[in-house]
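Numbering starts at 1 and runs along the sequence shown.
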Amino acid sequence: MSSVEDIGIDLGTSSLIIYACGDGIKLREASVVIKEPEAPASRCIRYWGRDAYRMIGRVPSHLVAVRPLREGVVSDIQAAKDLLSYFVQQTVGKHWFKRPNAVISMPSGINEEERRHIAAILYDSGCKRVQPLDRPLAAALGAGIDVRSVSGSMVVDIGAGMTDIAVLSNDHITVSDNPKLGGDQFDEAIIRYLRRKHNFLIGELSAEKLKMDIGSAIPLRETLYADVAGRSLISGLPKSLRVSSDEVFEAMDEPLTDLIEKIRGVLERTPAALGNDIFDKSGITLTGGGAMLYGLSDAIAASLKVKCTVAANPHDCVAMGCAATMENPREFGRYLATNRFRP
């Protein structure tokens, strides 16, 4: 059994989640910072995480909101360093004689140089050994999927800017894809729809709230309504608009269709025997924050004619999977044996 100080880290486009082995989730923060571009690099960050997220759309003119990761890639390496260093140090503290080990899963779009930069940040933040874990594998472990089985299984991890789709069998990822489709694309579709239909402009946070409050991937039996604040593109003045769940459903049709087609594409490239396992037995397991969209599993199941379920605690699966490799090294440690970052 590992030390309780060892940590599993999910560095995602929209959130940073840290799971302490033996102690559960220790930190869950938004992957956002508010910085002052004109200030020295060492003092430019003014707000972090959740506090920064709440300010999106309300940032003073001398400050700027930055999401260090966009669509699965690092858009601002310095902001990514600052964000990760700040919250990891808050979680693990400074241990001069006993430093924790870390297993981290990063967006699939990050290149090798960026991975090493992030590993170096973790060393500087107080970690002793840093090992990466492929995101689909981490999600599968956290969801309780038996990745050692020769029988095929499919995991779809839906993040904010990217979705990882993978078929796993016998300890390996057999077929995979990582399209730039996720919660952000659903939010943008809602913004475009309201602008086109009502000449009404809303921000990212308002679109996300509509999606979570009344959004659905399937038609609802009873229409729901929500009021949203924004700006009229005709008068230029602030106003409020009542939006229906039918409108949000219609707005999200295009990214939803694209997501289902990407999953279909992976299934079509899957060897027949493994494909039969998925259709006849294991089905598709959804993880990630995007999996919590109401009715998404039903929409995928109806379109692809295959069982589809949402994992327990889908938002935490990746961090939990990272921690599982340290909590059960005999069972899962081999996934890290040949894949270690060095300072």
Side-chain angles (χ1 to χ4, degrees), residues 12-15 70-72 107-109 135-136 139 143 154-167 176-198 200 202-226 228 243-270 278-279 283-311 314-315 317:
T13 303
S14 66
S15 60
R70 282 276 187 181
E71 296 184 338
S108 301
R135 195 169 189 84
M154 173 178 266
V155 63
V156 179
D157 182 66
I158 307 169
M162 178 174 283
T163 293
D164 282 284
I165 309 166
V167 174
S176 66
D177 192 12
N178 51 358
K180 292 181 178 179
L181 276 169
D184 288 349
Q185 285 69 39
F186 283 85
D187 298 343
E188 289 165 7
I190 294 171
I191 293 171
R192 288 195 304 270
Y193 179 90
L194 294 180
R195 184 172 56 209
R196 182 177 66 250
K197 183 175 180 180
H198 296 290
F200 185 71
I202 62 173
E204 295 176 25
L205 300 191
S206 297
E208 183 180 28
K209 192 172 189 307
L210 279 176
K211 178 184 68 180
M212 300 306 296
D213 288 350
I214 62 172
S216 174
I218 57 174
L220 298 177
R221 293 181 180 179
E222 181 181 350
T223 302
L224 304 176
Y225 296 90
V228 60
V243 180
S244 72
S245 56
D246 295 335
E247 290 178 303
V248 177
F249 171 72
E250 183 180 347
M252 297 191 298
D253 179 68
E254 182 178 343
L256 175 61
T257 299
D258 290 344
L259 175 61
I260 292 174
E261 287 307 306
K262 291 297 183 181
I263 298 172
R264 187 193 306 274
V266 172
L267 286 170
E268 289 174 348
R269 292 187 283 115
T270 300
I278 294 168
F279 275 83
I284 299 172
T285 301
L286 304 183
T287 65
M292 293 186 285
L293 174 64
Y294 182 82
L296 181 57
S297 60
D298 294 332
I300 294 172
S303 180
L304 300 179
K305 311 302 181 187
V306 60
K307 181 179 71 174
C308 183
T309 58
V310 179
H315 203 269
C317 283

Pairs under 3.5 angstrom only: tabulate donor-acceptor contacts from the side chains of residues 154-165 to other protein residues two or more places apart or in another chain.
from   : atom 1 : to     : atom 2 : distance (Å)
Asp157 : OD1    : Thr287 : OG1    : 2.7
Asp157 : OD1    : Gly288 : N      : 3.3
Asp157 : OD2    : Arg135 : NE     : 3.0
Thr163 : OG1    : Leu181 : O      : 2.6
Asp164 : OD1    : Ser108 : OG     : 2.4
Asp164 : OD2    : Ser108 : OG     : 3.2

Residues in side-chain hydrogen bond (donor to acceptor under 3.5 Å, both in side chains) contact with [X], at least two apart in sequence or another chain:
X	answer
Glu261	Arg264
Tyr294	none
Lys180	none

Side chains of [X] and [Y], heavy atoms from C-beta outward: is any pair under 4.5 Å?
X	Y	answer
Ile284	Leu304	yes
Leu293	Phe186	yes
Val167	Arg269	no
Glu208	Asp187	yes
Arg70	Asp184	yes
Leu210	Leu194	yes
Ser297	Lys307	no
Leu286	Thr309	no

Under the side-chain contact (heavy atoms from CB on, under 4.5 Å) criterion, do Ser245 and Glu222 qualify, and how do the steps go?
CA-CA 9 Å; Ser245 56; Glu222 181 181 350; over 6 Å; no
Atom pair [atom1] ([X]) and [atom2] ([Y]), whose distance is rounded to the nearest 0.5 Å:
X	Y	atom1	atom2	value
Ile218	Leu296	CD1	CG	9.5 Å
Ile191	Phe200	CD1	CZ	11.5 Å
Ile263	Leu267	CD1	CG	8.0 Å

Using every non-hydrogen atom in the two residues, find where Ala217 and Ala299 come nearest and quote the distance to one decimal.
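Between these two residues, the closest heavy atoms are O-CB, 3.6 Å.
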Looking at every heavy atom in both Ile260 and Ser303, which two are closest together, and how far apart are they?
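For Ile260 and Ser303, the tightest heavy-atom pair comes out as CG2-OG, 3.4 Å.
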Step by step, work out the side-chain contact (heavy atoms from CB on, under 4.5 Å) result for Arg192 and Glu188.
CA-CA 6 Å; Arg192 288 195 304 270; Glu188 289 165 7; 3.8 Å; yes
Tell me, please, which residues at least two apart from Asp298 pass salt bridge (charged side-chain N to carboxylate O under 4.0 Å, His left out).
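Residues passing salt bridge (charged side-chain N to carboxylate O under 4.0 Å, His left out) with Asp298: none at all.
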Do any side-chain atoms of residues 247-256 form donor-acceptor pairs under 3.5 angstrom with protein atoms, and if so which ones, sequence neighbours left out?
from   : atom 1 : to     : atom 2 : distance (Å)
Glu247 : OE1    : Ser244 : N      : 3.0
Glu247 : OE2    : Lys197 : NZ     : 3.1
Glu247 : OE2    : His198 : NE2    : 2.8
Glu250 : OE1    : Tyr193 : OH     : 3.1

